[in-house]
Each structure stands twice: as C-alpha cells, then as structure tokens.
Amino acid sequence: MPPIQDMTSAASAAGEEPAEPSGGGSGSALLDALQHQVALFARRAEQTRMGGVGQVRNSMDRAAYLLLNRLDQEGPMGVKALAAGMGIDSSTVTRQVAPLVDTGLVKRTSHPEDGRAVVLQLSARGLARLDEVRVSRRALMAQVTADWTEEERDSFTTLLTRLNGAFSARAARLPAGDVEPGGEAGEGPAAEEGRGTPS
C-alpha cells in the first residue's frame with residue numbers, strides 16, 4: 001500500500017486539495033491526512049456507488065446490497081434483528097426492504113419455531129442477483145488494486161475492517177438521538193462486517 005504522502009500527492013494530481021496538516025506535530029499531520037483520505041474515499045465510493053463493472057454496474061443501491069448481503073450471511077431474521085445487526089432502526093429497514101420484497105429478491109416467511117412471527121429471507125432470485133453484483137464489484141476491486149500485492153490487499157482489508165468496526169462501536173456508544181434514524185451506521189463505504197464476502 002502506498003504511503004500517505006503518495007496518496008495525497010495523487011489526490012492533488014487529480015485536482016483535489018491535499019490534506020493540510022494542523023501543525024500539531026507529525027501525529028496530528030498523519031491524522032489530518034488519514035481523515036482527508038477517508039473523506040475522499042467516501043466521496044469516491046458515493047460517486048461510483050462502488051457499483052462494479054459490466055452490465056450490472058450501479059444496478060443495486062448500497063442499502064439493498066447491504067440488506068441482501070446480511071440476509072445471505074446470517075440467514076432469515078426478523079426486522080428488529082436485521083436492524084440491530086446493521087446499526088439502523090427498524091423503520092428504516094422496513095422502508096428499505098419493501099421494494100426488495102416487491103421485486104421478489106426477499107420473501108417474508110413464518111419463523112420456523114414461532115409460526116406467528118414473520119422473518120425476512122433471501123429468495124433464490126435474490127441470491128442470484130446478489131451473486132451477479134458481487135462478481136461485478138469484485139471485478140472493480142481487482143481493477144483498482146491491480147498493481148497491489150495480495151499482502152497489500154490483505155493488509156488494507158484488515159485495517160479497513162478494523163476502522164469500520166471502530167466507527168460502529170463509537171456509534172453504538174452515542175446517546176439515542178445523536179444518530180439519525182436513517183443513519184449510515186450500517187451503510188458506510190465499506191460497512192459490511194467480516195471479510196468473507198467479496199464486494
């Protein structure tokens with residue numbers, strides 16, 4: 001992975017302002033550069049929606065991808081459990097999952113142990129669609145990190161996962177009301193937890 005100085009130089013070459021050190025020593029300058037690069041990453045991710053390559057590029061929005069991916073990883077679950085796992089409120093999940101049910105990507109079924117409860121489950125069509133998007137996004141990641149070694153990819157994934165975990169832990173500690181109902185806790189640029197699912 002290139003050093004921070006190289007990444008900020010690359011940003012300047014692309015017509016973006018490099019991070020300005022705050023003058024508090026090398027530690028402060030490094031933190032300034034880090035927050036600047038995270039901000040640039042968030043903007044780049046939002047501009048491209050991390051949409052992958054090929055025909056399915058940008059064909060699935062972030063909320064849908066994260067919901068389908070969570071159901072694939074964790075299995076059928078209720079709205080409350082899904083919301084808790086993603087760090088957003090139940091009303092947001094209900095709103096986001098409605099079009100997925102309407103299009104047949106997610107289905108509502110009875111809880112296997114409590115027939116009165118309803119759970120959300122990834123449908124066969126939803127899994128096929130998710131796999132298409134994963135392949136496309138995996139190809140995008142392969143392209144943008146084509147000159148990286150496997151060790152660099154592994155290190156970056158480890159650190160980015162750790163950073164996402166720290167942001168999630170911080171959000172969980174905030175008093176209720178400090179995070180908006182539709183907040184980004186489960187929807188950040190790389191908000192998926194764990195490393196088993198390529199995106």
Side-chain angles (χ1 to χ4, degrees), residues 14 16 37-109 118-145 153 156-157 160-161 163-168 170-172 174 178-199:
E16 296 165 353
Q37 291 303 323
V38 169
L40 286 179
F41 173 71
R43 186 172 75 181
R44 292 292 189 218
E46 188 61 32
Q47 285 173 341
T48 64
R49 293 165 55 189
M50 301 300 284
V53 297
Q55 292 184 343
V56 297
R57 177 179 180 270
N58 287 336
S59 61
M60 181 179 290
D61 66 36
R62 181 176 55 188
Y65 174 78
L66 293 175
L67 282 167
L68 295 179
N69 198 61
R70 173 70 63 171
L71 289 173
D72 182 44
Q73 289 184 331
E74 304 293 334
M77 64 180 68
V79 168
K80 288 185 178 179
L82 187 56
M86 297 185 67
I88 55 181
D89 63 83
S90 296
S91 62
T92 300
V93 168
T94 299
R95 173 174 51 82
Q96 292 178 347
V97 82
L100 301 178
V101 173
D102 291 341
T103 55
L105 301 182
V106 171
K107 58 183 180 180
R108 291 188 173 97
T109 62
V118 175
V119 295
L120 299 169
Q121 181 177 355
L122 189 64
S123 69
R125 180 180 178 185
L127 179 58
R129 186 76 184 84
L130 180 60
D131 284 342
E132 280 185 340
V133 173
R134 282 174 175 164
V135 169
S136 176
R137 295 185 177 196
R138 190 182 304 128
L140 174 64
M141 291 296 101
Q143 286 184 7
V144 299
T145 63
R153 286 173 172 169
F156 182 73
T157 303
L160 192 56
T161 301
L163 181 64
N164 278 323
F167 275 126
S168 294
R170 181 181 184 277
L174 291 176
D178 281 12
V179 178
E180 295 186 8
E184 301 295 309
E187 303 178 2
E192 285 291 44
E193 297 171 6
R195 300 175 51 194
T197 304
S199 58

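- The two residues Met60 and Tyr65 come nearest to each other via the heavy atoms SD-CA, 3.5 Å.
- The closest side-chain heavy-atom distance from Ile88 to Gln96 is below 4.5 Å.
- Taking the side chain as every heavy atom from C-beta outward, Leu67 and Val106 never approach each other to under 4.5 Å.
- Residues passing the side chain to side chain contact (heavy atoms under 4.5 Å, CB included) test with Thr94, sequence neighbours excluded: Val79.
- In this structure, the separation between OG1 on Thr109 and CD on Gln121 is 4.5 Å, given to the nearest 0.5 Å.
- The only member of Val133, Leu127, Val97, Leu130 that meets side-chain contact (heavy atoms from CB on, under 4.5 Å) when paired with Leu68 is Leu130.
- One distance of note links CG of Leu105 with CG of Leu120; it measures 12.5 Å at 0.5 Å rounding.
- For the pair Leu82/Glu74, no side-chain contact is recorded, criterion being any heavy-atom separation below 4.5 Å from C-beta on.
- The two residues Gly104 and Ser123 have their closest heavy-atom pair at O-OG, 2.6 Å.
- Gly85 and Arg70 make their closest contact through O-NH2, 2.9 Å (heavy atoms, listed as atom of the first residue, atom of the second, distance).
- Pairing each heavy atom of Thr157 with each of Thr161, the nearest pair is O-OG1, 2.7 Å.
- Residues Met77 and Leu71 have side chains in contact (heavy-atom distance under 4.5 Å, counting atoms from C-beta outward).
- From Ser136, atom OG reaches atom CE of Met141 across 10.0 Å, with rounding to the nearest 0.5 Å.
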Under the side-chain contact (heavy atoms from CB on, under 4.5 Å) rule, what do Val135 and Asp131 come out as? Steps first, then yes or no, please.
CA-CA 6 Å; Val135 169; Asp131 284 342; 5.5 Å; no
Give the C-alpha distance, both sets of side-chain angles, the deciding distance and a yes or no for side-chain contact (heavy atoms from CB on, under 4.5 Å) between Arg44 and Val144.
CA-CA 12 Å; Arg44 292 292 189 218; Val144 299; over 6 Å; no
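- Scored by the side-chain hydrogen bond (donor to acceptor under 3.5 Å, both in side chains) test, Thr103 finds no partners at all (sequence neighbours excluded).
- In this structure, CZ on Arg153 lies 3.5 Å from OG1 on Thr145, to the nearest 0.5 angstrom.
- Distance CZ/Phe41 to CG/Leu160: 5.5 Å, rounded to 0.5 Å.
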